[in-house]
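Proteins get letters first, then strands, A, B, ... in listed order; numbering begins at 1 in each.
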Amino acid sequence: MQMNKGLFVVIVLAIIWIISFSITNIIGANYSSENKIVIVPINGVIVPMQGDYSLFGEEKTVSSDFVKRLDGLEGDNSVKAIIFEINSPGGTVVASKEISDRVKKLKKPNIALIREYGASGAYWIASASDYIIADELSVTGSIGVIGSYLEFSDLFKKYGIGYERLVAGDYKDAGSNYRKLTKNEKNLLQKKLDIIHNRFKQDVAMNRNISADAIDGIANGIFYIGSEAYDLGLVDQLGSKDDAISKAKEMAGIKDAKIIESKEKKSIVDVLSKLSNTAFYYAGKGIGSTFVKNGFNIQA
Amino acid sequence: MKKIKSDFELLMPRRAGFWRRAAAFIIDLIIIYAVTSPLTGLLAKGIGLQDEFSISTFKEIFSRQELFYGAETMVILVAAVMALAGLFYWSILEYSLKQSIGKMIMKIAVKSQLKELSIWQVIARNITKALAVTSLSIIFLIDLLYLLFNKNRQRLSEVLSKTEVCNADE
């Protein structure tokens with residue numbers, strides 16, 4: 001009787017295995033050979049962390065998540081090419097550079113498609129891709145660094161609010177909202193912006209094969225309309241998403257591919273948890289630190 | 001002072017405890033994953049993983065959800081077949097032997113609160129478990145929570161199917 005019980009169990013398991021093996025062959029035959037071109041969006045401000053997520057706020061591209069996503073696509077054999085669909089005014093220096101560095105290391109053919117705008121840090125990322133396509137009326141370029149901020153000292157003076165300066169280290173509060181910069185401090189902060197700007201320029205010049213002299217003339221912070229950017233060599237082609245897909249197929253050497261619009265899936269649990277995180281974050285942050293946030297903040 | 005068991009308690013097998021049942025469920029899950037390994041391998045390949053299915057595959061799947069847009073039909077198909085395989089495994093074994101492999105090892109068995117255990121009773125009691133094979137569904141969690149707060153140690157689907165799980169070694 002015990003033997004029969006064992007035999008029965010083995011038969012049941014064998015039936016399940018045979019069914020799953022057969023279904024695998026049927027589904028797998030249709031699926032495994034499919035080539036994919038993945039369109040990855042770069043929307044809104046480029047930031048390094050998820051912390052500033054806002055349910056009703058503007059869209060953001062988080063560099064750490066983005067790099068992870070590219071790692072995944074790089075390891076996926078069925079993905080033959082990647083298109084970055086850019087609608088971003090730029091973002092923080094480090095976040096933009098992180099994504100740009102990762103894009104540069106991609107081994108798969110990749111194309112930057114600048115649609116509405118791909119300026120500053122977003123252009124830094126685009127320049128790292130293999131090929132840039134921009135709409136002729138898009139806004140791009142803006143190769144510069146900004147560190148401007150609001151300074152309230154005169155307003156505070158008007159209302160009798162004083163700033164008691166207590167620092168160890170002369171420059172510790174350079175860039176504070178509550179007092180004007182000294183000439184020395186202004187020079188110092190300007191030098192730092194120049195260091196970042198030079199790095200930005202060098203990277204773009206190297207990525208786009210533009211000479212050092214030429215980049216100095218282009219990278220003065222001004223933005224360019226797509227057609228102007230094409231004339232200056234900042235983009236390779238003027239065109240649309242369809243052009244980008246055709247070019248991606250050509251670069252990957254494939255005729256047909258499934259086009260996947262990659263987007264981050266958000267469940268209701270994600271949204272609620274992020275919403276509560278944001279609420280707690282701002283509750284803890286307080287009014288004082290909100291002022292500090294308006295201080296010296298470098299963006300590309 | 002040692003409590004003397006009543007005739008009723010001596011005659012009726014005790015309902016199986018939570019941890020014993022949980023261990024049996026985990027053993028069964030491992031067996032189901034093993035026998036459906038061709039499917040899980042396909043799932044891994046379908047979302048573009050270079051290696052075959054491994055313990056980290058599910059983590060990979062959830063960290064690369066964007067690829068579901070290309071593979072969602074296949075993922076849904078595979079998930080459905082795996083859930084059906086789980087339902088078949090539990091239902092056939094429990095109907096025929098009153099025990100799955102996990103239950104045999106943990107020495108527990110399914111009993112009907114009616115006269116005989118019917119195939120419809122075992123299917124009804126195993127639907128939520130089958131859904132849990134591919135994802136931790138909310139229905140299974142409700143089913144499980146009911147067991148934790150129910151003095152008869154029955155899942156909601158067991159109450160509805162008029163079945164219970166008892167110790168087989170008494």
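The contact between B:Ile92 and chain A is made by backbone and side chain atoms together, counting heavy-atom distances below 4.5 Å. At a 4.5 Å heavy-atom cutoff, the contact between A:Ile15 and chain B is made by side-chain atoms alone. Contact of B:Ile31 with chain A is made through the side chain alone, with heavy-atom distances under 4.5 Å. Heavy atoms closer than 4.5 Å to chain B are found in both the backbone and the side chain of A:Leu13.
Within the structure, salt bridge (Lys or Arg N to Asp or Glu O under 4.0 Å) contacts touching residues 103-114 of chain A (residues at least two apart or in different chains) are A:Lys104-A:Asp203.
Within a 6.0 Å sphere centred on CZ of A:Phe21, other residues, nucleotides and ligands contribute 12 heavy atoms or fewer. Heavy-atom neighbours of A:Glu116 CD from other residues, nucleotides or ligands within 6.0 Å: at or below the threshold of 12.
Under the ring pair (Phe, Tyr, Trp, His ring centres under 6.0 Å) criterion, B:Phe25 pairs with B:Trp90, B:Phe140, sequence neighbours left out. By the side-chain contact (heavy atoms from CB on, under 4.5 Å) test, B:Ala130 pairs with B:Leu87, sequence neighbours left out.
At a heavy-atom cut-off of under 4.5 Å, chain A is reached by no residue from residues 147-155 of chain B.
In this structure, B:Leu97 and A:Val9 have side chains that are in contact, with non-hydrogen atoms separated by less than 4.5 Å. Between B:Phe88 and A:Ile19 there is no side-chain heavy-atom pair separated by less than 4.5 Å.
The distance from atom CG of A:Asn4 to atom OG of B:Ser96, rounded to the nearest 0.5 Å, is 12.5 Å.
With A:Ile16 as reference, B:Thr36 is the one residue of B:Ile32, B:Val81, B:Thr36, B:Leu84 to meet the side-chain contact (heavy atoms from CB on, under 4.5 Å) rule.
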